[in-house]
There are 2 protein chains.
Amino acid sequence: MTALKHSRQRDLIRDLLEGRTDHPTADMVFESAKQVYPNISLGTVYRNLSLLAELGEIRKLSGLGDADRFDPRTDWHCHFVCTCCGKILDMEPAEASGRFLAEASESFSMGEIRSYEATFHGLCRDCLPV
Amino acid sequence: MTALKHSRQRDLIRDLLEGRTDHPTADMVFESAKQVYPNISLGTVYRNLSLLAELGEIRKLSGLGDADRFDPRTDWHCHFVCTCCGKILDMEPAEASGRFLAEASESFSMGEIRSYEATFHGLCRDCLPV
DNA sequence: GGCAATAACGATAATTATTACTGTTATTCG
DNA sequence: CGAATAACAGTAATAATTATCGTTATTGCC
C-alpha cells in the first residue's frame, strides 16, 4: 500500500485527456504535455497514464493500432477504427450488447466470462469514396 | 504481381499451425519449426505467417496480448482470453452476432462498418477457484 | 517553518515484438 | 543446364514500452 502522492504532472495528464475524443497515444499526450511543462518526461506520461487507468479514472485501449490509446470515457462502449486513416471513434452501446454478452456467457463452457469488448472496422466519413 | 515461389519453410509453417488451437505467437511457431529445420530463421517465420495471413490461409490476431497470435481457423469467430493465465480459446459464433453487427451498422453514422471482432475476458476452467 | 521519509520525477538504458537489410541459396522456367 | 529472382539465414534497425537511478517535490510531524 504505497501511499499515493500528489503530482502536478499527473493532474496535467488527466486534464489534457478530459474531453478529448481522439483517443491519443502516450506520445500524443506527451506532445501536448510538453506545451505546459516543456521538460516533462515521456516515462512520466507512460507511468501516469497507466496509473490513471489502474485507478479507473481513464481507460487504456490496446490492440486498436500499433500503440496503446487512452480514453477519458470510462463507461462501457465500443470503438470504430477506420481501416484507411486509422482514426478511432466512440460508438454508443447498442441494444443487442447485453443479449450478445448473455448469449455468449451461456453457451461458453470453457470458463467464466467477465467482460468483453468489440471493435468495429470500416471507412470513416472522411475516407468513404464520393 | 511478384510471382510467388514455393518454399518448404512456408509449407512447414502452414502445416505446424494446422489443427492447433493454442493460437501461438510467431516465436512459438519458430520454436516448433526449429525442431524440423534447426536453422530456420525467426524472420522467415514472421514473413511467412504474415504472407499466409494476407493470402487468407490463416488469421493474424492482434491485440489479444503483447504479441500477435496466429489462428489456422479462417471462419469468423470470437476469442476468449483468460485474464489469469493468458490462454486464448475459440468461441462458437452466437445467434446474436448478426443482430449485434446489424444494429451497430444501423445506428452508427460516422462511417461505414465492414466488420467487427469481439474479445471476451474472464477466467478459464483451469484458473477458476474451486 | 524546518526536516525527515519517500513518491514521483527527468534522463536514459534496457527490453520486447517486429520489420528491414544483405549477401547467399533454392525454385522455376525456358 | 542456366539465367532470373523469390525466399532464405543471419543480423541490424525500429518502435513502443518498461526499468533503472540519482535528483526533486510532496507530505506529515515536530
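The sequence lines fix the lettering, A, B, ..., with proteins before strands; numbering per chain opens at 1.
Residues A:F120 and B:S115 are not in side-chain contact: their nearest non-hydrogen atoms beyond the backbone lie 4.5 Å or more apart. Contact annotation: the side chain of B:V45 never approaches that of B:R10 to less than 4.5 Å [non-hydrogen atoms, C-beta and beyond]. Side-chain contact between A:T25 and A:D68: absent, with no pair of heavy atoms (C-beta onward) separated by less than 4.5 Å. Contact check for A:D71 versus A:I88: no side-chain heavy atoms found under the 4.5 Å cut-off.
OP1 and OP2 of C:dA8 both lie 4.0 Å or more from every side-chain N or O belonging to A:R8. Checking the phosphate oxygens (OP1, OP2) of C:dA26, no side-chain nitrogen or oxygen of B:Q9 falls inside 4.0 Å. Taking side-chain N and O atoms only, B:Y46 has no distance below 4.0 Å to OP1 or OP2 of C:dT19. One finds no side-chain N or O of A:T2 lying less than 4.0 angstrom from the OP1 or OP2 phosphate oxygen of C:dA7.
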Would you list the atom pairs, donor with acceptor, under 3.5 Å between side chains in residues 26-43 of chain A and any protein atom, with sequence neighbours excluded?
from: A:E31; atom 1: OE2; to: A:K34; atom 2: NZ; distance (Å): 3.3
from: A:S32; atom 1: OG; to: A:R20; atom 2: NH1; distance (Å): 3.1
from: A:S32; atom 1: OG; to: A:M28; atom 2: O; distance (Å): 3.3
from: A:S41; atom 1: OG; to: A:G43; atom 2: N; distance (Å): 3.2

Between side-chain atoms of residues 90-100 of chain A and protein atoms elsewhere (two or more places apart, or another chain), which donor-acceptor pairs fall under 3.5 Å?
from: A:D90; atom 1: OD1; to: A:H23; atom 2: NE2; distance (Å): 2.8
from: A:D90; atom 1: OD1; to: A:H77; atom 2: NE2; distance (Å): 2.8
from: A:D90; atom 1: OD1; to: A:H79; atom 2: NE2; distance (Å): 3.1
from: A:E92; atom 1: OE2; to: A:R73; atom 2: NH1; distance (Å): 3.2
from: A:S97; atom 1: OG; to: A:A94; atom 2: N; distance (Å): 3.3
from: A:S97; atom 1: OG; to: A:A94; atom 2: O; distance (Å): 2.8

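Of the residues in residues 30-41 of chain A, those placing a heavy atom less than 4.0 Å from an atom of DNA chain C are A:N39, A:I40, A:S41, in numerical order.
The side chain of B:K5 lies closest to D:dT5, out of D:dT5, D:dA25, C:dT19. Minimum atom distance to the side chain of A:H6 is reached by D:dT27, of the listed D:dT27, C:dG10, C:dT18.
In this structure, B:D68 reaches the sugar-phosphate backbone alone: every heavy-atom distance under 4.0 Å involves primed, P, OP1 or OP2 atoms, never a base.
Taking atom CG of residue A:L51 and atom P of nucleotide C:dA8, one finds them 7 Å apart after rounding to whole Å.
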